[in-house]
Amino acid sequence: MFEKEQQIIEAKIREFCSQNDIPLAELKWTSIPFSGEWGMSTSFFATAAHEARSGKKIQVPQRAQEITEQIKVQIGRVDGISRIEAVKGYLNLYFSTPEYARRVVDEVLASGADFGRGAAKNERVMVEYAQPNTHHSFHIGHYRNTILGESLARLVEFAGFDTIRASYPGDIGLGVITILWAYDRFYKSQEPSGIHERGQWLLKIYVEATAMLEPKENETPEEKTKREAYDAERREMYRKWDAGDKYVRDLWLKTREWSLEELRDILRILDVKMDVWFFESEVDEPAKEIVEELIQKGIADDERPQGGAVIVKIDEKLGLKKEKYRTNIILRSDGTTLYLTKDLALAKVKFEQYHVDRSIYVVDVRQSMHLQQAFAILKLWGFKQAEKCYHLGYGFVSLPEGAMSARRGRVVLFKDVMDEAIRRVLAVESEKSPEMSEDERMKVAHQIGLGAMAYSMLSVDNSRDMIFEMDNALSFDGRTGPYIQNAYVRANSILKRSNVQTLQRSNVDFSYELDPHEIEVIEKISQFPDVVQQAANEYRPMVMANYAYDLANAFHSFYHAVPVLQSENEEIRLARLRLVAAAKQVIANALRLLDIQAPEVM
RNA sequence: GCCCCUGUAGCUCAACGGACAGAGCAGCUGCCUUCUAAGCAGAAGGUUGUGGGUUCGAAUCCCGCCAGGGGCGCCA
């Protein structure tokens, strides 16, 4: 926002250095870390160190300070810069606050929801996330995946990339068949009516089926016979599915639809709008063709004649001496495909049909090896885009009692957490806002409950594992979603009471002595566009989550310390109202990128 | 055996190689007839796992070690 002033000053610095024969190192600008005044800063340590290396006998910190002081003199006065300071090797430029405050606030109010949006980058990115298995319910681990993927998609989109959202549900595999078998065998034509109840019911069936199919300790011969018979039935069902048997396929589609109904409902609740749906089952046949092609090209080795499978010796084919990607199977000895095979087929579709330049896989970090293998095989296969495949691995969510396990029924369901979140918000709500209508209360409870959940997930960096604890996830105090939402609500509350209709056009400036809290808010607001780019470049929603908190924090302090409606005079009142409106807008923009709603009241 | 991730306040976590390592929670002190107290202000809390190295400068980069987690040819 202050590129012009920065350029003028950089030019003067270069001029000084060339006049004095000082080789200037790259200038890196940051905002001044002291609060209360507003400006930008650069340092001359690198330049001084460069001199030191060239043989001059100098102390780097002292020399840096010396250069800084001389440069300060050289720069003199610059329009828009109120003062310049040379301290500890840092050159601090303080902005003339009325001018910059007006500039920031004007730009936010003019751009509105687009404030912070990056210029179009002419690159298409596909973000693949929301890959739960069908035939059972959506748990809190799926939730981390989905909210992380959605926030990332919003960030890269807002940063300027053409973005495609893709979901890849695992709708086939032995786990799915297990549920299908148990349903058909024991529960046929029974089913709960509710969307979520049905998913949870399928999960229950899965747990029962797994127990029946797993060998027990001290198994009697009768039990063993029965178990083996069940297993044979299950495998027969898989064979029939593979052969396209109509009965099994119909049953599979019907039950799959139950899960998809639940998934679609959850995505609706989370305000996630998928552009593309890939189903594992759809890439099964194309995957088999790819295996043939890879054998033809000499990339894969067919060991089936020796009773083996089709494998790719990845390291060997890449010419690597040390083991890195190892060897993996792409087709079972019985001719069926594996997850890896299907991922190859899926990547081909992404590149050839959707023309994506970059593909981001939001997948549990435990699948890191698998995806690296997939990318390596794509490269061997000849796909240039393979280098633009990126696995965004995130730490997995476990429970205080250990890892989640669908087959053992040890999961925390998203829907249960959400219901509990809403219950807790309603309890607070009835205490704090008894005057609210029932409809509004319910709406706000959803917004805040989901906001707390989303923030608790997104405020943890990708690489970190997470232990899910209800009380932490649903806290409404301190560094949480509701804290940020509350800042938005407070801003909104001031604006509602102001009765000013002309904020957009009001020709006011900030030519009074700004309170440090005001400057803090303005500075935070001005950083938003950079934070968008950083979060998108690093694929880290947490960066935005941290920023949203910092902005809300600055606003809360401002709110407490600085009167707005009761300002000394009308001019200050209008200026502050515009600032409040700008802060409200940027909080909303930040929350939107975190897939968190901004309630008007709470 | 090989590869990846993590180790920072009592707990959960931040910190583009840069200024005094910051928040929240828990505990302690204050602040609601004044724009929403889901808030604000303050005090307290640290040998950044450990030993070297690079650098003017290291929580950050490199090497070793220790501890925890994850992964490694017919699961996904």
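So that the names make sense, note that chain A is the first sequence line, chain B the second, and so on, each numbered from 1. Nothing here was measured: the structure is a model prediction, and the numbers come from that model.
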Revision key, fill the gap. Applying ring-ring contact (aromatic ring centres under 6.0 Å, His included) to A/Tyr547 and not counting sequence neighbours gives A/Phe528
Review item, nucleotides 74-76 of chain B N/O atoms under 3.5 Å of protein N/O:
| residue | atom | partner | partner atom | Å |
| --- | --- | --- | --- | --- |
| B/C74 | O3' | A/Arg332 | NE | 3.4 |
| B/C74 | O2' | A/Arg332 | NE | 3.2 |
| B/C74 | O2 | A/Ser333 | N | 2.9 |
| B/C74 | O2 | A/Ser333 | OG | 3.3 |
| B/C74 | N3 | A/Ser333 | OG | 3.3 |
| B/C75 | OP2 | A/Arg332 | NE | 3.2 |
| B/C75 | OP2 | A/Arg332 | NH2 | 3.2 |
| B/A76 | OP1 | A/Arg332 | NH2 | 3.3 |
| B/A76 | OP2 | A/Tyr339 | N | 3.4 |
| B/A76 | O3' | A/Glu280 | OE1 | 3.0 |
| B/A76 | O3' | A/Glu280 | OE2 | 3.3 |

Revision key, fill the gap. The ring-ring contact (aromatic ring centres under 6.0 Å, His included) partners of A/Phe375 (sequence neighbours excluded) come to A/Tyr361
Check your understanding: Which residue pairs pass the side chain to side chain donor-acceptor pair (under 3.5 Å) test with at least one member in residues 38-50 of chain A, sequence neighbours excluded?
Key -> A/Ser41-A/Asn92
Practice item. Mind checking ring-ring contact (aromatic ring centres under 6.0 Å, His included) for A/His370 and listing every partner two or more places apart, or none if nothing turns up? Key: A/Tyr339
Study note, to complete from the structure: Listing for RNA chain B: consecutive Watson-Crick or G-U pair runs of at least 3, distance cutoff 3.5 Å, ranges ordered by first number, gives B:1-7 with B:66-72, B:10-13 with B:22-25, B:28-31 with B:39-42, B:49-53 with B:61-65
Considering only nitrogen or oxygen atoms on both sides, find all protein atoms under 3.5 Å from nucleotides 30-33 of chain B and state each distance.
none

Filtered N/O pairs between nucleotides 58-60 of chain B and protein, under 3.5 Å:
none

Exercise for review: Encode nucleotides 5-14 of chain B as B, S and - characters from 5' to 3', where the letter depends on protein heavy atoms closer than 4.0 Å: B to the base, S only to sugar-phosphate, - to neither.
Suggested key: SSS-----SS
Check your understanding: What residues, two or more places apart in sequence or in another chain, satisfy salt bridge (Lys or Arg N to Asp or Glu O under 4.0 Å) together with A/Glu323?
Key -> A/Arg326
Exercise for review: Kindly write out the residues that satisfy salt bridge (Lys or Arg N to Asp or Glu O under 4.0 Å) with A/Glu69, not counting sequence neighbours, or none if the list is empty.
Suggested key: none
Check your understanding: Counting only side-chain N and O atoms of A/Asn537, is one of them less than 4.0 Å from OP1 or OP2 of B/C16?
Key -> no
Point to revise | Residues which pass ring-ring contact (aromatic ring centres under 6.0 Å, His included) with A/Tyr206, listed by chain and number, not counting sequence neighbours | key: A/His136
